[in-house]
Amino acid sequence: MSETHHSKALILGSGPAGYTAAIYAARASMEPILVKGLQPGGQLTITTEVENYPGFAEAVQGPDLMIAMTEQAKNVGTIMFDDTIIEADLSKRPFVLKGDSGTKYTGDTLIICTGASARWLGLKSEKKYMGFGVSACATCDGFFFREKAVAVIGGGNTAVEEAIYLTNHASKVTLIHRRNELRAEKILQKRALENPKIQILWDSVLDEVLGDSNPPGVSGIRVKNVKTGDTSELKLDGVFIAIGHNPNTELFQGQVKMDNENYILTKPGTTQTNVPGVFAAGDVQDKIFRQAVTAAGTGCMAALEVEKFIAEFAATIKAAE
C-alpha cells in the first residue's frame with residue numbers, strides 16, 4: 001500500500017526558489033514538504049563557480065551553494081523527499097501529487113518551483129565541457145571570460161542579447177547561426193551588427209567543442225558550414241549555447257494557465273496562479289531574469305503568500321461553522 005504525506009504547504013522543486021520557499025514556510029510553522037524532483041539542486045548543480053549570489057566574498061561552487069540551502073531548509077524543519085512527481089491533480093483541494101515511487105503527496109497549497117531547462121545541442125563534447133567553458137547563461141558566467149574570446153550559438157533574441165552582454169567582458173564574441181539572417185528583433189540585430197566586438201558566422205553550426213582534459217577546459221570549436229559542408233576551427237575560451245529554455249511545466253499542462261512558451265502565468269506582482277492555492281516561483285514563471293537570486297526572491301514571496309492564503313482560508317471555514 002502506497003504512503004501518503006500531507007502538508008499545509010507542498011513544494012515541488014529543489015532549486016533556489018524551492019529551498020527559499022521551504023525556509024520561509026518552515027519558519028512560519030507550516031511544516032512544509034519539499035519533493036526534490038529529477039534534478040535536486042536545479043541548474044546550479046551543473047554550474048562551477050558562482051560569484052553573483054549575495055553573502056559570499058569568494059566564489060562558491062554551485063553544488064556547494066545548493067548543499068548549504070538544503071541543510072538550511074532541513075534545519076528549520078522542512079520535510080524532504082527524494083522523489084520525482086509523475087502525476088498532479090489540481091482539480092480539488094487538497095492537491096494531489098504522485099511520485100514515481102508510488103508515494104502520494106497532498107497539500108492544502110502547492111508552490112511549483114520546477115524551474116526551466118536549457119536547450120542543448122546534444123553534442124558529446126558539449127556535455128564533456130559543461131561547466132568548464134561551456135555554459136547556457138551569459139549573465140551567470142560571462143564574468144569568467146574577461147578579455148577572452150568566446151562564441152555564442154544561436155540566432156534568436158536570447159543569442160543576440162547574450163552576445164551583446166558578453167561584449168562587456170570578452171575581447172571578442174563570435175555569433176554562430178545556422179541561417180543567413182538572424183531571427184532576433186530588429187533593434188537587437190542592429191546593436192549586434194554595429195558592435196565592433198561581435199563577428200557573425202553565417203550558415204554555420206557547432207560541430208564539436210575542442211579542449212583539454214587535464215585540467216578540463218575549452219580551447220576552441222570546430223564549425224561546419226551547412227551549405228558547403230566545410231569545417232573550420234576557431235580558437236577561443238568559452239562557448240555559450242543560447243537556443244532557449246524549456247520550462248518544466250509538463251505536469252501542469254491544462255491545469256494552470258501558461259503563456260505560449262509554457263511558462264506559468266502569475267498575477268502581476270505576486271506568485272499566484274489562476275488556481276486558488278497554487279503558486280509558482282523561480283524560472284518556471286520567469287523567462288526574463290533567470291537568476292538564482294531572483295528565483296530565491298520569488299520563493300520567499302510564494303511562502304509569504306501561502307501563509308496569508310492559509311490564514312484567510314482557515315478564517316473562512318471558521319466563520320462558516
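Since the model is a prediction, treat every value here as computed from it, not as a measurement. Position 1 is the first residue of the sequence, and the numbers go up from there.
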Heavy-atom pair of closest approach, residues [X] and [Y]:
| X | Y | answer |
| --- | --- | --- |
| Leu44 | Ala292 | CD1-CB, 3.9 Å |
| Ile243 | Leu121 | CD1-CD2, 3.8 Å |
| Ala295 | Thr298 | O-OG1, 2.9 Å |
| Ala163 | Leu175 | CB-CD1, 4.4 Å |
| Ala242 | Thr158 | CB-CG2, 4.0 Å |
| Ala192 | Val160 | CB-CG1, 3.8 Å |

Is [X] atom [atom1] crowded by more than 12 heavy atoms from other residues, nucleotides or ligands, each under 6.0 Å away?
| X | atom1 | answer |
| --- | --- | --- |
| Arg178 | CZ | no |
| Lys197 | NZ | yes |
| Lys104 | NZ | no |
| Glu250 | CD | yes |
| Phe56 | CZ | yes |
| Tyr24 | OH | no |

Joint cluster assignment, [X] & [Y], ILVMFWY side-chain distance < 4.5 Å:
| X | Y | answer |
| --- | --- | --- |
| Val278 | Met258 | yes |
| Val35 | Leu251 | yes |
| Ile111 | Leu97 | no |
| Phe143 | Tyr53 | no |
| Ile11 | Phe95 | no |

Just so I know, are the side chains of [X] and [Y] near enough to count as touching, which here means a heavy-atom distance under 4.5 Å?
| X | Y | value |
| --- | --- | --- |
| Lys287 | Pro247 | no |
| His169 | Val150 | no |
| Asn195 | Arg191 | no |
| Val284 | Asn248 | no |
| Thr103 | His5 | yes |
| Val152 | Val173 | yes |
| Thr273 | Phe252 | no |
| Ile288 | Thr294 | no |

Q: Assess whether side-chain contact (heavy atoms from CB on, under 4.5 Å) is satisfied between Phe279 and Gln272, documenting all intermediate values.
A: CA-CA 5 Å; Phe279 304 81; Gln272 301 169 26; 3.6 Å; yes
Spell out, as yes or no, whether a donor-acceptor pair under 3.5 Å connects the side chain of [X] to the backbone of [Y].
| X | Y | answer |
| --- | --- | --- |
| Ser171 | Lys148 | yes |
| Tyr129 | Gly211 | yes |
| Ser204 | Trp202 | yes |
| Ser125 | Val209 | yes |
| Glu126 | Gly122 | yes |

Q. What residue among Asp286, Thr271, Asp259, Ile112 forms side chain to side chain contact (heavy atoms under 4.5 Å, CB included) with Ile264?
A.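 Exactly one option meets the side chain to side chain contact (heavy atoms under 4.5 Å, CB included) with Ile264, and it is Ile112.
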Q: For side-chain contact (heavy atoms from CB on, under 4.5 Å), just list the numbers for Val275 and Leu110, CA-CA rounded to whole Å, side-chain angles, deciding distance to a tenth of an Å, and then say yes or no.
A: CA-CA 10 Å; Val275 179; Leu110 172 65; over 6 Å; no
Q: Just do the salt bridge (charged side-chain N to carboxylate O under 4.0 Å, His left out) check on Arg222 and Asp207 with the steps written out, would you?
A: CA-CA 5 Å; Arg222 184 166 62 238; Asp207 190 55; 2.9 Å; yes
Q) Are the aromatic ring centres of Tyr165 and Phe240 under 6.0 angstrom apart? A)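 That pair fails the under 6.0 Å test.
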(Q) Set out, in order, the CA-CA distance, both residues' side-chain angles and the distance that settles salt bridge (charged side-chain N to carboxylate O under 4.0 Å, His left out) for Lys36 and Asp82, then state yes or no. (A) CA-CA 5 Å; Lys36 292 184 178 180; Asp82 290 303; 3.3 Å; yes
Interatomic distance, [X] atom [atom1] to [Y] atom [atom2] [nearest 0.5 angstrom]:
| X | Y | atom1 | atom2 | result |
| --- | --- | --- | --- | --- |
| Leu210 | Glu233 | CG | CD | 5.0 Å |
| Gln255 | Asn274 | CD | CG | 10.5 Å |
| Phe132 | Asp212 | CZ | CG | 12.5 Å |
| Thr174 | Gln199 | OG1 | CD | 4.5 Å |
| Arg27 | Glu307 | CZ | CD | 11.0 Å |
| Ser117 | His245 | OG | NE2 | 8.5 Å |

Q) Step by step, would you call Asp83 with Ser101 a side chain to side chain donor-acceptor pair (under 3.5 Å)? A) CA-CA 7 Å; Asp83 204 351; Ser101 64; 2.5 Å; yes
Q. Between Leu10 and Thr106, is a side-chain contact (heavy atoms from CB on, under 4.5 Å) present by the stated rule, with each step listed?
A. CA-CA 7 Å; Leu10 180 57; Thr106 63; 5.8 Å; no
Q: Give the intermediate values and the outcome of side-chain contact (heavy atoms from CB on, under 4.5 Å) for residues Leu206 and Ile176.
A: CA-CA 8 Å; Leu206 178 63; Ile176 298 170; 5.6 Å; no
Q: Using a strict cut-off of less than 4.0 Å between a Lys/Arg side-chain nitrogen and an Asp/Glu carboxylate oxygen, indicate whether Asp283 and Arg290 qualify as a salt bridge.
A: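 Looking at Arg290 together with Asp283, the answer is no, because their closest N to O distance does not fall below 4.0 Å.
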Q. Taking only residues two or more places apart in sequence or in another chain, which ones pass side chain to side chain contact (heavy atoms under 4.5 Å, CB included) with Ala59?
A.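 Glu49, Glu51.
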Q) Would you say the side chains of Gln291 and Thr139 form a donor-acceptor pair under 3.5 Å? A)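 Yes.
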